[in-house]
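Take a look at the structure set out below.
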Number of protein chains: 2
Amino acid sequence: MAEDRRTRRSRRALGSALVELVLERGFTALTVEDITERADVARATFYAHFRDKEDLFARVTADLLTELGERLAPAVADSAVGFTGKPVLEMLRHAREERDLYRIVLRGEGDGKPLRMFVDACARATAEEFRARAERNAVKPRIDPELLARVWVGEQLAVLRWWVEQDAPSLPAEEVVRMLLNLAMRGRYWASGFEPPT
Amino acid sequence: MAEDRRTRRSRRALGSALVELVLERGFTALTVEDITERADVARATFYAHFRDKEDLFARVTADLLTELGERLAPAVADSAVGFTGKPVLEMLRHAREERDLYRIVLRGEGDGKPLRMFVDACARATAEEFRARAERNAVKPRIDPELLARVWVGEQLAVLRWWVEQDAPSLPAEEVVRMLLNLAMRGRYWASGFEPPT
DNA sequence: CAGTTACTGAACAGTCTGTATGACATTGGT
DNA sequence: ACCAATGTCATACAGACTGTTCAGTAACTG
């Protein structure tokens, strides 16, 4: 006996309505009634499922992270030895499918709480992976893995943010990953057009 | 005849109260009355100066950006040829002085609007500087300066976020800049402890 | 088909908003 | 030192939104 179909319908509708409306008007400007109206659900029903709109947003984000985590698992396993770019690529694909949600999360809607959930999840996983990788290959990191992870995630998210906000026909994900990887590996000078420093 | 002293006092008090309270309870949770109470100012006075709390937050942020811009100008002039790290260093110093405000902005409080103001201002200035530098040195960027700027800013802000959120006696700013610059110049492998790739 | 469970619509007090008011205090310029 | 201008204050107000409750109705599961 899975979840009641009505429950599923209501939750889904409310989640979608939230995403649409935040994109249109911004999170703060929204009313619970706006959301229920768009979702075609009674206001009382909203409170049967969620404490308030923050709660709804948080759950929608949590679901997204769960999904992302599942999709990333195999890509990460393939990157055991170094930076293959596979996880980033998979994240870009995920972002393309869930573009609107990614947009509002990355914008920091909801006082940045969903964004922090996102960043922390990524940073935590990345730092762990860095540590494991260093140990496997018996090398000693020159920079605290925690900080290194934050920087690497910050870099990826900057690109991701730029990518999902573009309205023109966006660059193919593979192309973006290529640039990002080159940038991360070869450094700024290379990207700027200079020869790499000695 | 500059601004009326009473006006200055009220604005200042309201701004400080906002920062304190957002740090304590988060932007959304705040009431205009909470702010005026903390600032020891009548509620009516608040509306004489600001449309709503978003407006107040936006102005506080705008002031911060103006100040930052002024402090960064000489450092940028010194970095005409390449990545000296001087602007980053100056930003870190600024962040140390205005730590609380930096924290709440970088957290994305206020639906990320102040954060976007901050990021956009930095990215715009950085991209412009990249373009100018490329032209001066007659090199052709291998990556779109716009994107490159976003990535570089994303990286800096990730570090900045990490730095201002640390509660332990924080690393000296000079040390942080050194790491960041190494990271940006030599790339991930170096930072991870591997030898740089060929 | 029957029992359970979710949805509905309406009503409620309580809180916050944004605006308006006239009395009062502080200010800057003469 | 004084005065006209201007900022501040306390209070009051309607309107909107919140979060809860409840009885009636519909939909689902087994």
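Note on naming: letters A, B, ... go to the chains in the order of the sequence lines (proteins, then strands), and numbering restarts at 1 for each one. None of these values were measured; they are calculated from a predicted model. Every heavy atom of this structure was used, including side-chain atoms; hydrogens, water molecules and symmetry mates were not.
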- prompt: Is there a donor N/O on one and an acceptor N/O on the other, under 3.5 Å, for the side chain of B:Arg6 and the base of D:dT8?
  reply: no
- request: Not counting sequence neighbours, which residues clear side-chain hydrogen bond (donor to acceptor under 3.5 Å, both in side chains) with A:Glu97? List them please.
  value: A:Arg71
Would you tabulate the nitrogen or oxygen pairs shorter than 3.5 Å linking the protein to nucleotides 14-17 of chain C?
| residue | atom | partner | partner atom | Å |
| --- | --- | --- | --- | --- |
| C:dT17 | OP1 | B:Val32 | N | 3.4 |
| C:dT17 | OP2 | B:Val32 | N | 3.4 |

Whole-Å gap separating [atom2] ([N]) and [atom1] ([X]):
X       : N      : atom1 : atom2 : answer
A:Arg5  : D:dG30 : CZ    : P     : 12 Å
A:Glu54 : D:dC17 : CD    : C1'   : 13 Å
A:Glu37 : D:dT18 : CD    : P     : 13 Å
B:Arg8  : C:dT26 : CZ    : P     : 16 Å
A:Phe46 : D:dC17 : CZ    : P     : 14 Å
B:Asp55 : C:dT19 : CG    : C1'   : 16 Å
A:Arg9  : D:dT29 : CZ    : C1'   : 17 Å
A:Asp4  : D:dT29 : CG    : P     : 5 Å

- prompt: Distance check: side-chain N/O of B:His49 vs OP1/OP2 of D:dG7, anything under 4.0 Å?
  reply: no
With a 4.5 Å heavy-atom cut-off, do [X] and [Y] have their side chains touching?
X        : Y        : answer
A:Arg150 : B:Arg161 : no
B:Asp4   : B:Arg8   : no
B:Leu92  : B:Arg96  : no
B:His94  : B:Glu98  : yes
B:Trp152 : B:Thr126 : yes

query: Which part of the nucleic acid does A:Thr45 contact within heavy-atom distance under 4.0 Å: base, sugar-phosphate only, or nothing?
result: base
message: So for atom CD, which belongs to A:Gln166, do other residues, nucleotides or ligands contribute more than 12 heavy atoms lying within a distance under 6.0 Å?
response: yes
query: Should the heavy atoms of other residues, nucleotides or ligands under 6.0 Å from CD of A:Glu33 be counted, would the total exceed 12?
result: no
- prompt: When you measure from the side chain of A:Ala44, which nucleotide among D:dC28, C:dG9, C:dG28 comes out closest?
  reply: C:dG9
message: Apply salt bridge (charged side-chain N to carboxylate O under 4.0 Å, His left out) to residues A:Lys113 and A:Glu54 and explain how you reach the verdict.
response: CA-CA 9 Å; A:Lys113 200 185 148 195; A:Glu54 275 80 15; over 6 Å; no
- request: Give me the bend of the helix from C:dC1-D:dG30 to C:dT30-D:dA1, using the axes of the five pairs at each end, rounded to 10°.
  value: 50°
